[in-house]
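Below: one structure, written as structure tokens.
Lettering of chains follows the sequences in order, A, B, ..., and the numbering in each one begins at 1.
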Amino acid sequence: MKCELCQKAEAETAIHRKVGAEEQELYVCKACASAGAGPEAGATPEVEQQAAEGCQAVGGVAAFPLMGMILDAAFEIVGRAAVAAGEASCPVCGITRAEYRKASRLGCPACYEAFSEELEAAILDLHRSLQHNGKTPERCQRSRQLAQLERALAEAVQAQRYEEAIALRDQLRRLGGGGAC
Amino acid sequence: MLNLESSYSLRRARLVSADDIAMTCRVRLARNLERERFPDWATGKDRERVLETVCGAVMREAGEFRVSAVAALDEQARDVLCEMHLASQDLMAREVGGGVAYAPDGSVCVMVNEEDHLRIQGFAKGLELEAAWRAADALDTALERHLPYAWTPRYGYLTACPSNVGTGLRAGAMLHLLGLRLLGEIEAVVRGLERMRLLVRGVAGEGSEAAGQIYQVSNMDTLGRDEAETVGRVKRICTEVVRQEYQARVRLVRESPLVLADCLARSLSVLQSARLMSTAEALEFLSALRLGAALGLVTRLKVADVDRLILLMQPGHLQKSLGLALTPEERDEMRAVFLRRRVASLRLKG
């Protein structure tokens, strides 16, 4: 069985995670178990204390002057539906919307996916852009090329430039799906 | 009374470098590892694992770097690193899993487990932001061979705070803007910079006051523009601020010579006679002396000499030079002694 978090390595262990009021059991690989197992997933008292210290440290600091205000505004809009459906949390690190809203800091890279809707609004407010145009790590070059082709394909279809769209689709097929990043 | 106009006219011909106003610059890159919690939410064990991974990569790629865990540094060593901008106060508070690696010449460094897993910084003098960028970029490219950075095609480098996501790049320069302050024009300049979406902070970074009228000006946006564009834009705008400060200094000499002379004379007198001197106070008086040196109005004093005093009078360097651990009160006394000796022979021209 594949790891339920990264979907790559073989699952070796089970972790328990609270999602809202519900307790979930996830079968995960060793790496995800050590990265994703929060204090609630059976950590030792020492680890729990360290985690609590970390939370206090971020809770007391205004990380970025506008961040709190911008995140507040974004959550005010998006958060209502989430509150009705129960508190959302990141499936990898387990932090909740309320926790990272308070700290103005995310829990792990997977939070960008877990809280994508509200983050999109906050990021647009902060940077006036939603597209990275800078450096790409060597191992992620293929992912970037795929993403660029997919964007170009969507634009071509929308503008009814079908010949161009077919050429882009063929390029995408040649590259194959699923990047490393 | 000082003959400022003639002194400054002589000096002006030699005032060709922006370094008199732009003190130093740096480029910082924020990076994180895939599948690891960001440092503020990670457990001590998580952070120690990240520290080990990053230090291993640094040692493979840059064997000459000095590498140290925060826990292994005493208070004085921590102060020295912060005063050289090789580490931040936040990093020095990270007892478990915090670490720093830096080139022996201090031109580039990596902070480990500060706000992000890695904060790579390149430094350069004046407004040579491209050089600072090249230094940080080269180390980043070398480290990425060993480190699985969290990166997506849409958002680029993923960071603990969304305000850094994208390039993770902050390019900034330290600008000495006392001329604009003395003419009462600094607030308008700061407002203008903020309208252009630049961050204006004090020497110690986020949340700090611009002590000694030294301002850190850096880009706000990290998404949308690429690294070269961002660095180029910050440089262009900082060059314009340097030009405005230069013009303010010219006007100060021509239109308000008494204000300038008073500021220099008071500052030099206090530095030559005080028996107790805090760091913040010393920075204010040395800032005035720096302006005097740039305008050629103080005998035998160069801007670089004042910059050296600004570094050496700070708590870590002061205690290191004396080989003593001092209380804050003792430091103020020894700082006053140190500065009195260094400025004893200085005189204002004219």
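- Side-chain polar atoms of B/H85 and B/Q121 form no donor-acceptor pair below 3.5 angstrom.
- With a threshold of 4.5 angstrom between heavy atoms, B/T159 approaches chain A through its backbone and through its side chain.
- Per-residue heavy-atom pair counts under 4.5 Å with chain A were compared for B/G168, B/G166, B/G224, and the maximum is reached by B/G224.
- No part of B/R145 comes within reach of chain A, as not one of its non-hydrogen atoms sits under 4.5 angstrom from that chain.
- Both the backbone and the side chain of A/E120 come within contact range of chain B, each with at least one heavy atom under 4.5 Å from a heavy atom of that chain.
- A salt bridge between B/E187 and B/R181 is present, with a side-chain N of the basic residue lying under 4.0 Å from a carboxylate O of the acidic one.
- Residues A/P109 and B/R35 form no side-chain contact, since every pair of their non-hydrogen atoms from C-beta on lies 4.5 Å or further apart.
- Under a 4.0 Å N-O distance rule, the pair B/R49/B/E36 qualifies as a salt bridge.
- With respect to B/D90 and B/R119, no salt bridge is recorded, no charged nitrogen being found less than 4.0 Å from a carboxylate O.
- Only the backbone of B/L33 comes within contact range of chain A, with at least one heavy atom under 4.5 Å from a heavy atom of that chain.
- Contact count against chain A (heavy-atom pairs under 4.5 Å) is highest for B/D221 among B/N32, B/D221, B/D140.
- Ranked by non-hydrogen atom pairs under 4.5 Å with chain B, the options A/R128, A/Q145, A/R151 are led by A/R128.
- Aromatic pair A/Y100/A/F115: centroids less than 6.0 angstrom apart.
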